[in-house]
Amino acid sequence: MLGPVPPVGPGSAAITAPSWETPPRVPTGAATVVWGSAPFPPGATVRQVAAAALRRQGAVLRLRVRPPPGMAVRAVHPLAPAAFTLGLRGRVRARLLQGVLVELARDPAAPRVLDLVAAAAGATSDVRAFTIGSGGTLLTRVRVDGESVVLRVAVQGSAGDPDSGVAALLTLRHPAVPQLLGSGVLAGASWTAEQLLPGHRPVGLTKQLLSDVATFCAGLPRDGQRASAARDLASIGQVLPRFTQHLDDVAARVAPPLLALPSVARHGDLWSGNLLANAGRLSGVIDWDAWAAGAVPGTDLLHLVTTEHRLAGSRALGDVFLDRPWRRPGFTAVAADYWDALGVRPESEVLDAVGVAWWAAQVGADLRRSPHLAHDVSWTRANVDQVLATVTVRD
């Protein structure tokens with residue numbers, strides 16, 4: 001599954017290359033073709049992807065030398081994995097995991113949807129390069145009125161539709177949240193233009209940066225309700241109906257402890273890749289497509305801490321959940337000031353319910369972004385079956 005909106009226009013086709021062994025067969029009458037494959041998931045082993053990486057490079061080279069009759073290679077875009085650690089080892093691993101998207105066209109000068117969107121946003125030139133964010137959103141930088149602007153583009157109504165984050169950008173008036181500069185829909189593609197914040201992705205989560213993030217999260221607005229995980233648990237049941245009864249039981253079990261907590265706004269995918277740092281301090285929190293106006297507090301911070309461990313060990317979400325990370329010093333130390341700012345001191349029973357809420361939010365988000373996971377037996381066994389078999393509020 002390619003994921004991103006094809007950066008080409010009407011008469012286009014998107015063709016996957018799961019094995020990188022067969023060149024694309026261009027459909028009759030297709031003016032443009034997007035051919036390639038999405039990155040491997042972060043949990044894939046080096047042994048699994050090394051041979052595929054070699055086939056990928058060979059396939060792209062052969063396509064450059066001998067494209068399909070009547071077609072020309074317009075551009076080749078490496079697709080970085082959604083999450084990987086920094087450093088030399090992380091860069092090497094990301095290179096192996098990456099996917100590639102090749103643009104083929106009968107008329108290489110024909111306008112692309114991506115270029116039309118950029119023009120609608122006020123850009124003065126076509127898009128030369130882009131990356132892929134969560135849910136298949138295309139991310140690129142364009143110049144508008146002499147300033148660099150972040151442009152997000154995805155198929156309208158898809159999991160990566162940036163319109164889902166518009167309300168967050170309009171609601172959260174904070175210097176660490178990008179300002180919304182424009183948005184719209186064009187040729188079936190939904191787009192937003194956002195302020196480019198200063199800073200860069202942090203190399204590591206320092207004590208100072210964690211403290212800054214905790215302060216930021218404590219300042220997110222509350223909606224005046226009591227916290228609840230019912231909506232996220234129900235969303236899993238809608239996609240995986242065989243778990244509905246168990247999910248309902250879990251929702252009933254965690255509901256009373258969560259009443260001790262206020263309902264707060266949630267980023268929904270808070271990890272180091274969605275943070276910006278400048279001189280060691282937090283300067284930006286980006287990618288608000290998974291946000292929720294009312295959610296269980298503490299889940300963003302828990303996701304931030306656990307994601308670093310997951311990436312370092314290439315572990316499944318369910319495996320990490322079984323470690324009860326919300327009880328460990330790595331989280332409790334980060335969250336201490338956060339809970340004080342919210343005016344609560346959660347007991348172990350409440351923290352267990354927060355852990356369940358975090359798991360439900362992430363499983364629900366994974367299923368929305370990648371619906372095929374619902375049919376992946378190994379994924380559901382690791383991330384749903386074993387968790388529901390052990391979930392309790394009082395251990």
For residues [X] and [Y], report the shortest heavy-atom separation together with the two atoms involved.
X: Ser272; Y: Glu308; result: OG-OE2, 2.9 Å
X: Ala260; Y: Val344; result: O-CG1, 3.8 Å
X: Leu233; Y: Leu247; result: O-CD1, 3.7 Å
X: Arg74; Y: Pro108; result: CZ-O, 3.0 Å
X: Leu351; Y: Trp326; result: O-CD1, 3.3 Å
X: Pro297; Y: Trp339; result: O-CH2, 3.6 Å

In terms of hydrophobic clusters joined by side-chain contacts under 4.5 Å, are [X] and [Y] together?
X: Leu322; Y: Val356; value: yes
X: Leu276; Y: Leu304; value: no
X: Leu388; Y: Trp379; value: yes
X: Val177; Y: Leu196; value: no
X: Val142; Y: Leu197; value: no

Candidate list Asp287, Val150, Leu172, Leu169, test side-chain contact (heavy atoms from CB on, under 4.5 Å), partner Pro178, passing option: Leu169
Inter-residue atom distance [X].[atom1] - [Y].[atom2], 0.5 Å rounding:
X: Ser228; Y: Leu258; atom1: OG; atom2: CG; answer: 7.0 Å
X: Asp145; Y: Thr124; atom1: CG; atom2: OG1; answer: 9.0 Å
X: Ser164; Y: Arg368; atom1: OG; atom2: CZ; answer: 9.5 Å
X: Arg253; Y: Asp248; atom1: CZ; atom2: CG; answer: 11.5 Å
X: Cys217; Y: Asp337; atom1: SG; atom2: CG; answer: 13.0 Å
X: Phe321; Y: Leu302; atom1: CZ; atom2: CG; answer: 9.5 Å

Side chains of [X] and [Y]: does their closest heavy-atom pair fall under 4.5 Å?
X: Leu317; Y: Arg310; result: yes
X: Leu270; Y: Val285; result: yes
X: Asp352; Y: Pro257; result: no
X: Leu220; Y: Asp300; result: yes
X: Asn274; Y: His267; result: yes
X: Arg64; Y: Val76; result: yes
X: Leu114; Y: Leu138; result: yes
X: Leu139; Y: Phe130; result: no

Arg266: salt bridge (Lys or Arg N to Asp or Glu O under 4.0 Å) partners, not counting sequence neighbours: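 Arg266: salt bridge (Lys or Arg N to Asp or Glu O under 4.0 Å) contacts with Asp232.
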List the residues meeting salt bridge (Lys or Arg N to Asp or Glu O under 4.0 Å) with Arg66, not counting sequence neighbours, and say none if there are none. none
Is a side-chain N or O of [X] found less than 3.5 angstrom from the main chain of [Y], in a donor-acceptor match?
X: Arg143; Y: Gly146; value: yes
X: Arg381; Y: Asp385; value: no
X: Arg106; Y: Ala72; value: no
X: Thr215; Y: Ser211; value: yes
X: Thr332; Y: Arg327; value: no
X: Thr171; Y: Ala168; value: no

Should Asn278 and His200 be marked as a side chain to side chain contact (heavy atoms under 4.5 Å, CB included) after you check the CA-CA gap, both sets of side-chain angles, and the distance that decides it? CA-CA 7 Å; Asn278 194 12; His200 54 82; 5.6 Å; no
Neighbour count above 12 (heavy atom, 6.0 Å) for [X] [atom1]:
X: Arg345; atom1: CZ; value: no
X: Arg226; atom1: CZ; value: yes
X: Glu147; atom1: CD; value: no
X: Arg141; atom1: CZ; value: no
X: Arg222; atom1: CZ; value: yes

Taking atom types as modelled, is there a side-chain donor on [X] or [Y] under 3.5 Å from an acceptor on the other?
X: Asp366; Y: Gln362; result: no
X: Asp223; Y: Ser263; result: yes
X: Gln208; Y: Thr206; result: no

Ser190/Asp163 under side-chain hydrogen bond (donor to acceptor under 3.5 Å, both in side chains): CA gap, chis, key distance, verdict: CA-CA 7 Å; Ser190 179; Asp163 185 63; 5.2 Å; no
Checking Val127 against Arg112 for the side chain to side chain contact (heavy atoms under 4.5 Å, CB included) test, could you report, in this order, the C-alpha distance in whole Å, the side-chain angles of both residues, the deciding distance, and whether it holds? CA-CA 9 Å; Val127 174; Arg112 305 176 302 175; 3.8 Å; yes
Audit row: Asp249, Gln245, side-chain hydrogen bond (donor to acceptor under 3.5 Å, both in side chains) steps and yes/no: CA-CA 6 Å; Asp249 292 343; Gln245 184 58 58; 3.1 Å; yes
Report yes if the distance between the aromatic ring centroids of Trp358 and Phe331 is under 6.0 Å, otherwise no. no
Are the aromatic ring centres of Trp271 and His303 under 6.0 angstrom apart?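 Ring centres of His303 and Trp271 not closer than 6.0 Å.
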Please work out which of the three classes, parallel, tilted or perpendicular, describes the rings of Phe216 and His174, given edges at 30° and 60°.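 Taking Phe216 first and then His174, their aromatic rings stand perpendicular (interplane angle over 60°).
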How far apart are the C-alpha atoms of Gln179 and Glu194, what are their side-chain angles, what is the distance that settles it, and do they pass the side chain to side chain contact (heavy atoms under 4.5 Å, CB included) test? CA-CA 6 Å; Gln179 294 181 20; Glu194 302 171 12; over 6 Å; no
Please determine whether side chain to side chain contact (heavy atoms under 4.5 Å, CB included) holds for the pair Val153 and Thr137, giving the CA-CA distance in whole Å, both sets of side-chain angles, and the decisive distance to 0.1 Å. CA-CA 6 Å; Val153 188; Thr137 310; 5.9 Å; no
Can you check salt bridge (Lys or Arg N to Asp or Glu O under 4.0 Å) on Asp212 and Lys207, steps first, answer last? CA-CA 9 Å; Asp212 288 349; Lys207 184 177 180 180; over 6 Å; no
